[in-house]
Amino acid sequence: MNHGKSTRKFGRERKVREGLMKSLAVALIENGKIKTTDAKARSLRPMIEKMVTAGKKETLASRRNLISQVGSASASKMVKEIAPKYKTRAGGYTRITKLQARLSDGSLMAVIEFV
């Protein structure tokens, strides 16, 4: 039974799932907008929101935490370009827009982007 479990597994093992989320996060930071499935976008959103909040702090510890999550290039872009835009905003840095279902397998698609 899966009662009370909120994490999605995507049919993958833990390390593969973590790699998937990391690659989605890096793509979103680099491009500002990505098209993915609705479930993946909804799982990515809390991760990205926490990264932006950490980037707003601009401390050495928060920068190192970001580097451990997404690498140095993406972490520096988060701290220097993305996080300063949201200095006065209290949250809600991303937007998920639903799209039509994918033709091949009928999967619900969505676009996740920075507001």
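We use all heavy atoms of the structure for the numbers below, so side chains are in, but hydrogens, waters and symmetry mates are not.
Contacts of Ser107 classified as side chain to side chain contact (heavy atoms under 4.5 Å, CB included), with partners at least two apart in sequence or in another chain: Thr37, Arg102, Asp105.
For the residue pair Glu49/Thr94, the side-chain donor-acceptor check at 3.5 Å is satisfied. For the residue pair Lys50/Tyr93, the side-chain donor-acceptor check at 3.5 Å is not satisfied.
The shortest distance between side-chain heavy atoms of Arg95 and Ile112 does not fall below 4.5 Å. Counting heavy atoms from C-beta on, the side chains of Leu20 and Val16 never come closer than 4.5 Å. When side chains are defined from C-beta on, Gln100 does not count as touching Met109, because their heavy atoms never get closer than 4.5 Å. Residues Asp38 and Ile96 are in side-chain contact: their nearest non-hydrogen atoms beyond the backbone lie under 4.5 Å apart. No side-chain heavy atom of Glu113 sits less than 4.5 Å from a side-chain heavy atom of Ile34. Between Val52 and Phe114, the closest side-chain pair of non-hydrogen atoms falls below 4.5 Å. Arg14 places none of its side-chain heavy atoms less than 4.5 Å from the side chain of Lys9.
Of the candidates Arg17, Met21, Lys40, Arg42, Arg8 forms a side-chain contact (heavy atoms from CB on, under 4.5 Å) with just one, namely Arg42.
Across Ala83 and Gly55, no two heavy atoms sit closer than the pair CB-C, 3.5 Å. The minimum heavy-atom distance linking Gly106 with Ala101 is given by the pair O-CB, 3.7 Å. Annotation for Val115 and Gly92: closest pair CG2-O, 3.9 Å, computed over non-hydrogen atoms.
In this structure, Lys15 places its NZ atom where only 12 or fewer heavy-atom neighbours from other residues, nucleotides or ligands lie under 6.0 Å away.
Tracing side-chain contacts under 4.5 Å through hydrophobic residues (I, L, V, M, F, W, Y), one reaches Val26 starting from Met47; they form part of the same cluster.
One finds the OG atom of Ser23 at 9.0 Å from the CG atom of Leu44 (value rounded to the nearest 0.5 Å). Of the inter-residue distances, the one linking Glu58 atom CD with Lys80 atom NZ reads 11.0 Å to the nearest 0.5 angstrom.
Looking at Lys56, its side chain does come within 3.5 Å of a backbone N or O of Arg89 through a donor-acceptor pair.
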Using atom types as modelled, flag every donor-acceptor pair under 3.5 Å from a side chain in residues 64-78 to any protein atom, sequence neighbours excluded.
residue	atom	partner	partner atom	Å
Ser68	OG	Asn65	O	2.7
Ser74	OG	Glu30	OE2	3.1
Ser76	OG	Ser72	O	3.2
Ser76	OG	Ala73	O	2.9
Lys77	NZ	Ile29	O	3.4
Lys77	NZ	Glu30	O	2.9

